[in-house]
2 protein chains.
Amino acid sequence: MSRRPYHHGDLREALVAAAQAAVETSGPEALSLRDLAQSLGVSTAAPYRHFPDRRALLDEVAARGFADLDAAYRAARAGAPNPRAAMRETARAYLNLAFSRPGLFRLMFASDALGVDASPALLAAAGQAWESLYAAARAAEPDADLAAVKRRAITGWSTLHGFITLVQGGRLKGFMTEPLSEAELLEAVLDKSLGEG
Amino acid sequence: MSRRPYHHGDLREALVAAAQAAVETSGPEALSLRDLAQSLGVSTAAPYRHFPDRRALLDEVAARGFADLDAAYRAARAGAPNPRAAMRETARAYLNLAFSRPGLFRLMFASDALGVDASPALLAAAGQAWESLYAAARAAEPDADLAAVKRRAITGWSTLHGFITLVQGGRLKGFMTEPLSEAELLEAVLDKSLGEG
DNA sequence: CTCCGATATAAGCGCCGCTTACATTGTGCG
DNA sequence: CGCACAATGTAAGCGGCGCTTATATCGGAG
């Protein structure tokens, strides 16, 4: 049951890689299976041998994005001197994904068709990333009530995520004026995400 | 230069109304100008006499959404006993729009093509809603530094917005378990949005 | 009443996701 | 070894989309 070269070589993997690149440069909205197929030199029907539909291919790309995010979380924790610093680095890892690969980030968190009915693999990958985040939060406050920690983790994540979303949607254009720069605000958001309450 | 019935009888207004309804029931992604035209009994080319493209019609719907939001903000402030309560009611108005008209909310804040290049009318409407929010925040803390107030307004908005986005994207499904209910979390998010820091 | 500009239409272009019917090819089994 | 078969690929086509062009209709200004 080898998965080696048939006609193309490993079209499935090539599709995912090309889709990943396209998502990161032009966003998930712009991805066209016909384009993709043509750019890989196969017929427009070929992708359907490997993915039931467009959404399934995007789900695979998103799942790999969550795996990357999870890896970044773990690296952040591993490289930090203490649990508190680990939380801050974890937040920075999230910001980094959002701003360095905005198309992928949008796919992962704002997929047009609301990912509620997403594939099990995608849900598992997203769940794994959350577990890493939650574990870091628990380590930072080992003596606190678990519900309180979870509450703080979710509200903190919300703050970070909301800021990113508003900035990337252009909804803060013109409001971050004069005394406030985007960089300064970002630090304030980080503080609030990890902050006191 | 009256704008009364020609062939159809104010197709422009009918288009906006139908688009509004479609956006609220099925989300902005699902809106099709051809569908819309057919459901209004006109040819598929007719809408293009009133809007240069699909995006322009959606922009108009979004702008009206921002006008609604602004009105809700003002009503919240007017009905509150003190500036502090006004802020909380303002936040509830935002939540209310998000959860009672999620399709419209998605159009306003997650429009597929990132609304950076949006029409002036849309930007003006969005700016007006922000100004109302900012004014309420200033009234709640009349003696504070303006930059600090703005910082708090933006981070608070971010918290609220992020939570909504994560919930509506299904990204918190399964994480709000056991000791935490969605309603309870919502209160925590509200607290943090308005909160101490 | 006539003419003009605003409004609507019919037809069509190129693109899309996806399906069906058929061709090719590598692999495992008698 | 050879053959059937499943996995992989193709060509062609369906219906739908946004949008454009050329043409028809209609209401109001002169």
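So that the names make sense, note that chain A is the first sequence line, chain B the second, and so on, each numbered from 1.
The side chain of His50(B) places no N or O atom within less than 4.0 Å of a non-bridging phosphate oxygen (OP1 or OP2) of dA6(C).
We find that Glu13(B) and Arg64(B) are joined by a salt bridge, their nearest charged nitrogen and carboxylate oxygen being less than 4.0 Å apart. By the 4.0 Å N-to-carboxylate-O rule, Glu187(A) lies close enough to Arg92(A) to be salt-bridged with it. Note on Arg88(A) versus Asp191(A): salt bridge recorded, some NZ/NE/NH1/NH2 to OD/OE distance being below 4.0 Å.
Contact annotation: the side chain of Leu133(A) never approaches that of Leu69(A) to less than 4.5 Å [non-hydrogen atoms, C-beta and beyond].
Between Leu15(B) atom CG and dC19(D) atom P the separation is 13 Å, expressed in whole Å. Arg49(B) places its CZ atom 11 Å from the C1' atom of dA24(D), with the value rounded to the nearest Å. Between the C1' atom of dA8(C) and the CD atom of Gln38(B) lies a distance of 16 Å, rounded to the nearest Å. What separates CZ of Arg12(A) from P of dA7(D) is a distance of 15 Å, to the nearest Å.
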What's touching nucleotides 17-19 of chain C from the protein side, N or O pairs under 3.5 Å?
| from | atom 1 | to | atom 2 | distance (Å) |
| --- | --- | --- | --- | --- |
| dG17(C) | OP1 | Leu33(A) | N | 3.0 |
| dG17(C) | OP2 | Leu33(A) | N | 3.2 |
| dG17(C) | OP2 | Arg34(A) | N | 3.3 |
| dG17(C) | N7 | Arg34(A) | NH1 | 2.5 |
| dG17(C) | O6 | Arg34(A) | NH1 | 2.7 |
| dC18(C) | OP2 | Tyr48(A) | OH | 3.4 |
| dC18(C) | OP2 | Arg54(A) | N | 2.7 |
| dC18(C) | N4 | Arg34(A) | NH1 | 3.2 |

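The backbone N or O of Val23(A) sits nowhere less than 3.5 Å from a side-chain atom of Ser26(A) that would complete a donor-acceptor pair.
Screening Trp130(B), Phe105(B), Phe163(B), Phe66(B) against Tyr94(B) for a ring pair (Phe, Tyr, Trp, His ring centres under 6.0 Å) leaves a single residue, Phe105(B).
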